[in-house]
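Index from 1, following the sequence. Source: prediction; values computed, not measured.
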Amino acid sequence: MYNHKRNYSIYTLVAIIILLSIFQSVWMFKNSIYVHEDTPFIGITEPFGNIISGILDSMFIYSPHLYTGAIAQGVSSIFNLVYSVLMIIPNVLSGIFATELSNFILLSIGSVGCFVLIYSLLQGLPNKVKAIASFAGFLVFFSIDGSNSGPIAFLPIAILLLFIFIKSYNRQKEESYLMMVASIVAFAAFFSFAGITYFLQGFIFVAIIFLMSFAYYSKISSNWKGLFLSMLLILILSLLINSSIISGAYLLSKNPVSNGYYGFINSSQRYAFGFPNILTTLQVVPGSGGMAYAIGTILIFSVSISALFTIKLSNTSDRNGVLLALLVAFLVITLFFNTIAIPFGIAFKYLLNHIPALYAMRYGGEFVPILGLIFAVLFANGIANLANKFNNKWLLSLIIVAAILVTVPLAYHNDILPFTHYSYYTTIPKHVYSLSNYVNSNVGNYSVATLPSDSGFQYLASWYTGTDIYSYLINAPVFTGGYVAQTEIFYPITESYYGNIGSRIDNSYLSDKNYISKVLGALGIRYIIVQGDAVENSIADPNYSDPFTFNTIYANLNNSNNISFVKKFGNSSLYINNDSVPIVYASNIENIGNATISSIFDTIANKTFNIQNTSAYSTDIDGLYNNTNTINASHISNFLQPEITFVENTPTKVTVHVSNATTPFYLVFRETYDSRWVAFYSNSTEINQSDHIAVNGFANAWYMNKTGNYTLTLYYTPQTIAWLAWDVSFIALFATIGIGVYGWRKERRAAMKRSA
């Protein structure tokens, strides 16, 4: 008999879950999560064309308009593209609405998925016990993952579909094909939204789930080899659908700027893997939220662990299989990824040192969402055991009230809680939009710099974050000199250079009037924005302090040659630099030998140096390249500058037209040097790579000994690998769809035979 009352109670709990997901998104916004260095785009409404071009550009591995420099770490996937298309309308209507809607969607998917997963595992228990325990488990999931739901959103559903597939496979049901396809899509979506940064952790977790599931369920399978191959197919196709992400991590690890300039594998950041464990997951540390907070997390841990003592290895239920898989996954995560633990830490360091691409897929902190799911399932089972053992309605009520009191406050606790008396619901001032529109109205290819360059973590102090507000509003590369979330793993080398230059402007009066315009000009910086909202210290953050004075900044700008004041927009002032160079231009060379970056900049700043038609060349630039396989670039005595025009076809392809070339010259391409940038003529003849050098301390240049009129193409060759990866992604997706169609047709034919 159909139990309407039972289903109404489930629907009510799901509705509560969705309402809490909405409230969590609002809470995050109200508490300034989006007035932070990572995502300072409150109130920004991007034009339709910008959004479309942004979606298309996400298929390219190089982003010249994202802080000129290294390979983009945020390589997209098929699912990201589809999701971005679905979010076009809210993005056009309102940046705030789009952000909150995105958070709500992903959090709802993860939360409802977690609830349904737990509910389905508690078969055999009274409905009331299942509902209460599942909701209590959701609250734990919500409290740990509520502010970081993206990487975890599709994982609970993926695990649920996997075990439904295993059950249908063991019973030889026709719908096993459809469940296989559903599992593939769900796991692929999980990998996709985890992205490069969290991919490795997600893969290891899923691999453990697969391994333990097969070891457990193959015992009761009549065709264990078929089950193993089917599960292996799910994993492989899930990975292949995300080939673009995997290739992005590989190419990022091979980037010479990342690998050389910042020491890459020798960097201390490799130890970012070394802290995910129970303490960081539940944050049971002194001062993390007071005694009540610590007691709550200890209770969650205790109840969760109690569920493990009820596992019966002889019992072949889905519940035992999942608990065992999660237990092993937890042990592997906390031991293998804790670089302190021996021998696991040694093994993992060895892998990092020998497989650089693993480092590109790093960040141990994001195991917290995965561990959040583990504790959600364990906690729910612990609650179910208690409720089933003491079947009393008053006790059940007490359990659910206690679960709410313990978990909900944890969900709405965050690191900035002590500063909640400040107003976080903030909008960007109108003058920022006006200034950005003014800059965007000026055609051409140029970069923009913001000053003070050292102003960093100023969120909570005012609307101004000191990071990358203008990069969202201005259609050109924007140098800030501060923390840039997009380049968290590897700073582009040009960003580092600008930080050094900006520090001089911020902190000391410059005697050389030529210094600023020429050095900034070498980076292509035409416009300089002085952000008058920046503060020298933050009352909201006592640890924040950046050394700069506006008097020094204005004096340096006003007293410099070829830098002119344009206009004041509210508290911000705009200057123009007349010494900026385009992204592609012809130049001569001044060879300054084995020089430091500082020496190169000093050469450029010299009053006799003409940045418009001359480039500084060093035979050895630390971290970029050495003089192996490069020419010893020399000055061209009879140099005459040809006419250069160019078109940026894509982020990784530029077409250059050369006219009236009468002498040899150096073709400069103002992007960070990478030997994988190649130049070739219209007949596909490639210019010898030995003629490819680095100039001005960072940029690409080719020695051109051809005169007349001709066309060149500059191409970033790793994009070819990226295109192959995209092809594999689409082929894998279509193969998955084909499996689903095959299964559906087979099921349909079987149903027709049964009805006949």
Side-chain angles (χ1 to χ4, degrees), residues 67-70 257 260-262 446-454 477-482 491-528 548 552-553 555-557 559-563 575 577-583 585 587-627 633 635 666 668-673 693-701:
Y67 303 100
T68 308
V257 174
Y261 189 77
Y262 285 97
Y446 52 82
S447 298
V448 178
T450 61
L451 293 172
S453 70
D454 279 343
V478 178
F479 292 98
T480 68
Y491 258 65
I493 197 167
T494 47
E495 186 69 19
S496 175
Y497 291 171
Y498 176 69
N500 293 332
I501 299 167
S503 295
R504 299 191 192 183
I505 301 173
D506 290 348
N507 306 321
S508 57
Y509 290 97
L510 302 177
S511 58
D512 189 345
K513 294 185 178 181
N514 297 283
Y515 180 82
I516 298 178
S517 64
K518 291 186 177 181
V519 175
L520 296 184
L523 295 174
I525 295 172
R526 178 187 297 176
Y527 290 103
I528 304 166
F548 67 85
T552 304
I553 293 172
N556 286 329
L557 294 178
N559 295 327
S560 293
N561 292 335
N562 292 325
I563 289 184
Y575 288 80
N577 177 22
N578 297 312
D579 275 337
S580 64
V581 295
I583 194 170
Y585 62 99
S587 83
N588 204 339
I589 284 288
E590 182 170 325
N591 190 327
I592 57 176
N594 189 349
T596 63
I597 295 299
S598 178
S599 300
I600 292 172
F601 286 162
D602 288 341
T603 300
I604 293 173
N606 191 288
K607 64 177 62 177
T608 62
F609 192 91
N610 188 345
I611 189 63
Q612 304 291 340
N613 62 17
T614 312
S615 299
Y617 171 76
S618 171
T619 56
D620 189 358
I621 301 177
D622 182 35
L624 264 173
Y625 74 102
N626 53 36
N627 55 8
H635 186 79
Y666 293 91
V668 179
F669 177 45
R670 201 197 66 230
E671 287 290 343
T672 301
Y673 177 85
I693 61 175
V695 298
N696 295 339
F698 73 95
N700 296 269

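- In terms of heavy atoms, Thr614 sits closest to Ile589 at CG2-C, 4.4 Å.
- In this view, Phe609 satisfies the ring-ring contact (aromatic ring centres under 6.0 Å, His included) rule with no residue, not counting sequence neighbours.
- Within the model, atoms OG of Ser580 and CD of Gln612 stand 7.0 Å from one another, a figure rounded to the nearest 0.5 Å.
- When all heavy atoms are compared, the tightest approach of Ala616 to Ile592 is CB-CD1, 4.5 Å.
- Rounding to the nearest 0.5 Å places OG1 of Thr450 at 5.0 Å from OH of Tyr498.
- Considering every non-hydrogen atom in both Tyr515 and Ala605, the closest pair reads CD1-CB, 3.4 Å.
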Practice task
Could you give me the CA-CA distance, side-chain angles and deciding distance for Tyr585 and Ser615, then say whether side-chain contact (heavy atoms from CB on, under 4.5 Å) is met?
Solution key: CA-CA 10 Å; Tyr585 62 99; Ser615 299; 3.8 Å; yes

Handout entry: CA sep, side-chain torsions, deciding dist, call: His635, Asn591, side-chain contact (heavy atoms from CB on, under 4.5 Å)
Key = CA-CA 7 Å; His635 186 79; Asn591 190 327; over 6 Å; no

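- Taking the six-membered ring for Trp and thresholds of 30 and 60 degrees, Tyr446 and Tyr527 have ring planes more than 60 degrees apart, a perpendicular arrangement.
- In plain terms, the two heavy atoms of Ile611 and Asp579 that are nearest each other are CG2-O, 3.4 Å.
- Considering every non-hydrogen atom in both Asn696 and Ile600, the closest pair reads C-CG2, 3.8 Å.
- Between the side chain of Asn594 and the main chain of Thr619, no donor-acceptor pair closer than 3.5 Å is present.
- Put simply, CD1 on Ile528 and CD1 on Ile516 are 7.0 Å apart, with the number rounded to the nearest 0.5 Å.
- Shown here are the ring-ring contact (aromatic ring centres under 6.0 Å, His included) partners of Tyr666, two or more places apart in sequence or in another chain: Tyr703.
- Smallest separation of non-hydrogen atoms from Ala522 and Val581: O-CG2, 4.2 Å.
- If you take CD1 on Ile604 and CG on Asn610, they are separated by 12.0 Å, rounding to the nearest 0.5 Å.
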Practice task
List the steps, then state whether side-chain contact (heavy atoms from CB on, under 4.5 Å) holds for Leu510 with Ser508.
Solution key: CA-CA 6 Å; Leu510 302 177; Ser508 57; 4.2 Å; yes

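- A distance of 10.5 Å separates CG in Leu520 from OG in Ser447, rounded to the nearest 0.5 Å.
- The closest donor-acceptor contact from the side chain of Lys518 to the backbone of Lys607 lies under 3.5 Å.
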Handout entry: Criterion side-chain contact (heavy atoms from CB on, under 4.5 Å) on Asn613 and Asn588, from CA distance to verdict
Key = CA-CA 6 Å; Asn613 62 17; Asn588 204 339; 5.9 Å; no

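- The line from CZ of Arg670 to CZ of Phe698 is 7.0 Å long, rounded to the nearest 0.5 Å.
- One N or O on the side chain of Asn556 and one on the backbone of Ile505 form a donor-acceptor pair closer than 3.5 Å.
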